[in-house]
Amino acid sequence: MKARSIIMLILGILFSMLGIGLLFGGIGASWVNALQDDGGYLTSPSERFDVDSSAIISARPDNMRDDAYPGPLPFDVGSIRIWAESANPGKEIFVGIAPRSDVERYLSGANYSELLDVSFRPFHVEYRETQGTQQPPLPSGQDFWVASASGAGEQELDWNIQSGNWSVVVMNADASPDVRADLKAGFRSELFGPIAAGLLAAGAILLVIGVPLLIFGAQGLGRHAPGAAHPGAPVPAPVGSPMAGTAAPAAFAGPAVQPPPTYSAAEWAPYPARLRGELDPVLSRWLWLVKWFLAIPHFFVLFFLWFAFVVVTVIAGFAILFTGRFPRSLFDFNVGVLRWNWRVAFYAYSALGTDKYPPFTLARTDYPADFEVDYPERLSRGLVLVKWWLLALPHLIIIAALTGTSTVRWSDPQPSGIRYETGTGFSLVGFLVLVAAVILLFSGRYQRPLFDLLLGFNRWIYRVITYVSLMRDEYPPFRLDQGAREVHERYPLAADANAVRPAAPPDGPLPPDGPIPPVGPTARS
């Protein structure tokens with residue numbers, strides 16, 4: 001059953017990805033086709049082309065760079081329009097299209113410039129110069145042009161594209177050297193309509209096949225993974241901790257911690273998404289240098305799992321809208337994807353907290369990093385429309401500040417134009433991980449306060465992902481709960497105001513896991 005679910009999930013992901021790609025292609029082709037209504041052309045910007053030679057010609061297919069231009073076409077695909085105007089005072093412009101062989105014979109012995117590459121943002125042109133001393137005869141007197149235009153002012157040339165090897169030629173009308181012209185080109189094709197219809201139809205068919213396969217596969221894998229915890233369920237201790245092999249008290253997952261005086265009980269309540277990460281007591285000094293490489297198989301799998309996660313979330317959103325429930329098997333699948341992602345992040349790039357290789361599974365294991373979400377019996381039908389974008393916006397801005405990278409762009413003047421260079425820096429979380437890794441490299445120790453801070457950042461991020469992905473209605477707290485485990489798991493104090501704090505939390509001494517919330521009569525004194 002599990003193998004069948006995996007096969008259905010893989011096929012569903014592939015069909016759905018291809019279907020979405022074809023749909024976007026069809027939408028793009030439809031948009032292009034709409035721009036062509038009423039005889040419109042897809043037109044390039046008007047730019048100045050300036051050479052000292054007698055002509056500018058388009059490149060041969062074997063001289064094109066990076067396939068910038070199509071080769072000879074075996075069928076008619078549409079028409080082109082070229083606008084040309086001389087920038088030389090008192091000179092007229094000529095623009096023509098002819099077979100490549102005739103153009104090369106016509107310009108034999110003359111100095112001309114072959115266009116190799118054009119970029120528009122910023123504008124930059126590359127030519128290949130062919131040296132010669134002869135001045136070619138007047139272009140208007142030649143009979144091999146299949147389309148041409150010449151004269152003063154702006155000239156328009158229209159040509160229905162035909163199969164073959166053709167060249168576009170721009171010259172002064174008197175064939176003199178020093179060609180300076182303002183040029184732009186447009187393209188129009190009647191094929192965009194049929195192409196758009198075909199892409200949209202094919203994309204829709206693939207989605208009709210792929211999405212059900214993906215959902216059925218996700219449901220099957222969700223059923224095989226251990227179910228998400230219910231509120232108040234015990235949270236297992238990690239292997240190797242003093243509490244391993246014993247059941248955690250119910251107070252671990254419940255709102256049993258007495259809130260500090262500055263917090264209300266609601267503000268201090270535990271969030272129903274719990275992230276845990278236990279720091280290895282001994283870490284390799286150098287393994288973090290290659291963990292990103294070792295984790296590549298996980299990155300590959302997670303790329304497809306995250307695609308399935310998004311599709312499942314969309315389908316679940318409609319289910320919540322009409323039934324008020326997130327289908328349990330799909331919920332468990334999405335929690336499994338987040339759990340898998342957190343294990344890889346904890347190992348490779350978000351914390352570097354363990355050298356133990358992450359398992360390839362959606363289910364809970366004894367891995368030192370884990371993530372769990374309480375399953376909600378009911379969800380708001382109205383919130384599903386706004387919480388994932390509008391209500392979550394403040395949190396999304398904070399997460400962008402934590403995980404976003406800074407980009408600097410500057411210009412580098414060159415003789416052939418202006419070239420723009422871009423530099424990208426670290427995110428805040430990435431920078432802190434790098435600092436921790438460098439300290440580990442030279443000292444052999446991971447700074448526990450830095451680890452606790454990174455876990456707090458990640459805990460905040462995963463709470464927001466839980467909310468945005470429609471798995472809970474409780475708004476994520478604006479609170480940085482640092483430490484390896486949730487505060488309410490580390491300090492399971494009774495709700496009684498006169499309760500006395502235990503000597504140590506169940507997962508180890510108090511100092512490494514951060515500050516202790518003030519509780520009981522001691523906090524009031």
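Numbers here are sequence positions counted from 1.
- Residues Arg223 and Asp332 are not paired through a salt bridge, judged by the lack of any N-O separation under 4.0 Å between the basic side chain and the carboxylate.
- The aromatic rings of Phe318 and Phe322 lie parallel to each other, their planes meeting at an angle below 30°, with 60° marking the opposite boundary.
- Distance alone, capped at 3.5 Å, is enough to place a donor-acceptor pair between the Tyr367 side chain and the Lys356 backbone.
- Between Tyr462 and Trp342, the two ring planes are perpendicular [angle over 60°; tilted spans 30° to 60°].
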**OP:** Let me see the working for Ser469 and Asn334 under side-chain hydrogen bond (donor to acceptor under 3.5 Å, both in side chains), right down to the final yes or no.
**Re:** CA-CA 9 Å; Ser469 57; Asn334 273 10; 5.5 Å; no
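- Salt-bridge check for Glu377 with Arg328: failed, with every basic side-chain N at 4.0 Å or more from each acidic carboxylate O.
- A donor and an acceptor atom, one from each side chain of Asp280 and Thr354, are located under 3.5 Å apart.
- Electrostatic pairing of Asp374 and Arg274 counts as a salt bridge here, judged by a charged N lying under 4.0 Å from a carboxylate O.
- Electrostatic pairing of Lys291 and Asp355 counts as a salt bridge here, judged by a charged N lying under 4.0 Å from a carboxylate O.
- Ring pair Trp306/Phe309: centre-to-centre distance below 6.0 Å.
- Taking the six-membered ring where tryptophan is involved, the planes of Tyr475 and His395 are tilted, since the angle between them lies from 30° to 60°.
- Taking the six-membered ring where the residue is Trp, the centroids of His298 and Phe360 are separated by under 6.0 Å.
- Looking only at distances, no side-chain donor or acceptor of Glu190 sits under 3.5 Å from a matching main-chain atom of Gly78.
- With ring centers used as reference points, Tyr349 lies 6.0 Å or more from Trp292.
- One finds no salt bridge joining Arg276 and Glu372 here, because no Lys/Arg side-chain nitrogen approaches an Asp/Glu carboxylate oxygen to under 4.0 Å.
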